[in-house]
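Naming convention: chains lettered A, B, ... in sequence-line order (proteins, then strands); numbering from 1 in each chain.
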There are 2 protein chains.
Amino acid sequence: MPKTVDHDERRSMILGAFVTLVVRDGLHAVSMRSVAAEAGISLRLVQYYFKTKAGLKQSGLAMLEKLSSERWEKRVGGLPEASTVMETLRALFVEALPTDKQGREFHLLWTAYAVLGETDPEIPNRMIVEGPHRLLRRVASLLKQGQSLGEFDAELDVDSEAVVLIGLIHGLGTAVMIGLKSGDVALKLLISHLDRLRAPRGPDPRVLR
Amino acid sequence: MPKTVDHDERRSMILGAFVTLVVRDGLHAVSMRSVAAEAGISLRLVQYYFKTKAGLKQSGLAMLEKLSSERWEKRVGGLPEASTVMETLRALFVEALPTDKQGREFHLLWTAYAVLGETDPEIPNRMIVEGPHRLLRRVASLLKQGQSLGEFDAELDVDSEAVVLIGLIHGLGTAVMIGLKSGDVALKLLISHLDRLRAPRGPDPRVLR
DNA sequence: ATTTTTATGATACAAGTGTACCATGAAAAA
DNA sequence: TTTTTCATGGTACACTTGTATCATAAAAAT
């Protein structure tokens, strides 16, 4: 092999340009040529590293999924050792709501893919549903853990509440995106909703009273 | 004027073809020519009645908004005279969730436009936010009415709860669309959520405690 | 009966699209 | 040193796109 170039690095560099363009012009408006131009390379190279446009779009979605997973892991990892489940979930809200530029980008990207996946057979449905499903299980597991620690009402059906939570996250996220409500308000509403799930009576859950 | 053709009828006929194509191929894939073919007319006529493609897309969104308003009015109007606020809201859920074909179409269309509006300057943001905003006020007003009738907890901040409700409707709707959860489950979750807002203790709310 | 207006058809045009193909420098393998 | 393999450039092809233009049947207005 000659030039010994790092394919993975090359690919993620191109995907960076891809994401930039999707955010700016919309997923539908991105072309092989525009990606090449944005990445500062030739059209031929975009073909070389992704073969087809469908490949590029699929890789874009896969990368989106991976990146968001990593960010979430990192944020949870950065939490203090003795954090409550409540605090962990709050961190998820901050991460998932489109409050900052990164959050807006993610929401836009994901929703665009969700819409595209509804009509485009080149985007398999499982690629869309996979991420939310993982998140769903994770939230349910957190709620269950919170239940056993006495943070949340023991009567709750954690699976149901998890669905409601991620539905609420996405729905409020969309409300923020279109400018119906601000990110701050959405976050506050999400937290108040979570407060409703708290264990009844007793200010400190760890002290049984 | 010669042929004396009904422009409005013509336009809504073409918009019907437009919607059919958006649902089948996605908003991004609809072209002037495909709309013409689907409507069984010539390309020239699509131009004639909508001038430009931007005009077609804007009219599509406007029609979507109008149709959904009308459907909602009709459903509420069809409710029995003595319906509770709770029942009215339940009717909204059934109408808004993508449970049947029509519901799925609406959710897909609206979300596609919301995504498009994020990057396309030809779709003014107010056209996107207008519908949700009207719905928001309506739900808030219903909740308030329900409060004064004793159906809902008097302590509730109805405006906040309205935002949570429409966020939940949209979020769960998306969950149904991508196949994360079924429409039945989503509806059940929405209703249980509404139950949480019920007035505490007291079987007959109209009799004070 | 002539003129004007309306509704429609056909088509041309420039731009942009994804993909395929051919060429080539350079580095590793032989 | 020759040969093979990899990374890249350039470009051509067949389509599709939105829009503009020219033409015309027919009906209303004059």
Side-chain angles (χ1 to χ4, degrees), chain A residues 1-22 24-61 112-113 116-117 119-124, chain B residues 1-22 24-61 112-113 116-117 119-124:
Chain A
M1 320 152 190
K3 263 201 180 169
T4 313
V5 80
D6 185 342
H7 271 226
D8 282 344
E9 184 207 311
R10 214 67 156 177
R11 285 169 59 92
S12 74
M13 178 273 251
I14 297 178
L15 285 180
F18 173 78
V19 166
T20 300
L21 288 179
V22 173
R24 209 187 53 195
D25 304 334
L27 184 51
H28 65 283
V30 176
S31 70
M32 298 271 151
R33 282 172 176 85
S34 62
V35 171
E38 178 72 25
I41 60 180
S42 77
L43 165 62
R44 180 66 180 85
L45 281 196
V46 182
Q47 291 184 276
Y48 184 71
Y49 286 104
F50 293 94
K51 195 62 189 168
T52 172
K53 191 184 184 180
L56 178 61
K57 285 192 291 190
Q58 285 168 3
S59 302
L61 176 53
Y113 270 111
L116 183 63
T119 54
D120 192 341
E122 280 168 344
I123 304 282
Chain B
M1 319 152 185
K3 262 201 180 168
T4 313
V5 81
D6 185 342
H7 271 227
D8 282 344
E9 183 207 311
R10 213 68 156 179
R11 284 168 60 92
S12 74
M13 178 274 253
I14 298 178
L15 285 180
F18 173 77
V19 166
T20 299
L21 288 179
V22 173
R24 207 187 55 194
D25 304 334
L27 184 50
H28 65 283
V30 176
S31 70
M32 297 274 152
R33 282 171 177 84
S34 62
V35 170
E38 178 71 26
I41 58 179
S42 78
L43 166 62
R44 181 65 180 82
L45 282 195
V46 182
Q47 291 184 276
Y48 183 70
Y49 286 105
F50 293 95
K51 194 61 188 170
T52 172
K53 190 184 185 180
L56 179 61
K57 286 192 290 189
Q58 285 167 2
S59 301
L61 176 53
Y113 269 111
L116 182 63
T119 54
D120 191 340
E122 280 168 345
I123 304 282

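Considering every non-hydrogen atom in both B/Val22 and A/Thr119, the closest pair reads O-CG2, 4.0 Å. The heavy-atom pair separating B/Leu61 from B/Tyr113 by the smallest distance is N-OH, 3.3 Å.
At C/dT17, one or more side-chain N or O atoms of A/Ser31 fall inside 4.0 Å of OP1 or OP2 (strictly under the cut-off). Between B/Tyr48 and C/dT8 there is no side-chain N or O to OP1 or OP2 distance below 4.0 Å. Under 4.0 angstrom from either OP1 or OP2 of D/dG18 there lies no side-chain N or O belonging to B/Thr52.
For the segment residues 7-14 of chain B, the set of residues with a heavy atom within less than 4.0 Å of an atom of DNA chain C comprises B/His7, B/Arg10, in numerical order.
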Handout entry: Trace of the side-chain contact (heavy atoms from CB on, under 4.5 Å) decision for B/His28 with B/Leu116
Key = CA-CA 9 Å; B/His28 65 283; B/Leu116 182 63; over 6 Å; no
Exercise for the section: Evaluate the criterion side-chain contact (heavy atoms from CB on, under 4.5 Å) for residue pair B/Ile41 and B/Met13; output intermediate values, then yes/no. Expected result: CA-CA 11 Å; B/Ile41 58 179; B/Met13 178 274 253; 4.2 Å; yes
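The separation between B/Phe18 atom CZ and D/dG18 atom P is 11 Å, rounded to whole Å. We find that CZ of B/Phe50 is positioned 15 Å from C1' of C/dA7, with the value rounded to whole Å. Protein atom NZ of A/Lys57 is 12 Å distant from nucleotide atom C1' of C/dT17, rounded to whole Å. The nearest whole Å value for the distance from the NZ atom in A/Lys51 to the C1' atom in D/dA7 is 14 Å. When the P atom of D/dT8 is taken as reference, atom CG of A/Asp6 falls 11 Å away, rounded to whole Å. The distance between atom NZ of A/Lys53 and atom P of C/dG16, rounded to the nearest whole Å, is 15 Å.
Applying the salt bridge (Lys or Arg N to Asp or Glu O under 4.0 Å) definition to pairs two or more places apart or across chains, none involves residues 5-14 of chain B.
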List every contact pair, protein side and nucleotides 9-11 of chain C side both N or O, where the distance is under 3.5 Å.
| residue | atom | partner | partner atom | Å |
| --- | --- | --- | --- | --- |
| C/dG9 | OP2 | B/Ser42 | OG | 2.7 |
| C/dG9 | O6 | B/Arg44 | NE | 3.1 |

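At the heavy-atom level, B/Tyr49 lies under 4.0 Å from the strands shown only through sugar-phosphate atoms.
Using a 4.5 Å cut-off on side-chain heavy atoms (C-beta onward), A/Tyr48 and A/Ile14 make no contact. Side-chain contact between B/Phe50 and B/Leu15 is present, with at least one heavy-atom pair separated by less than 4.5 Å. Side-chain contact between A/Arg24 and A/Leu21 is present, with heavy atoms from C-beta onward closer than 4.5 Å.
Between the axis at the start and the axis at the end of the helix from C/dA1-D/dT30 to C/dA30-D/dT1 there is an angle of 10°, using five pairs per end and rounding to 10 degrees.
Take B/Ala54 and apply the side-chain contact (heavy atoms from CB on, under 4.5 Å) test, not counting sequence neighbours, and it matches B/Thr52, B/Glu122. Partners of B/Asp120 under the salt bridge (Lys or Arg N to Asp or Glu O under 4.0 Å) rule, at least two apart in sequence or in another chain, are B/Lys57.
Side chain of A/Thr20 to backbone of A/Gly16: a donor-acceptor contact under 3.5 angstrom is found.
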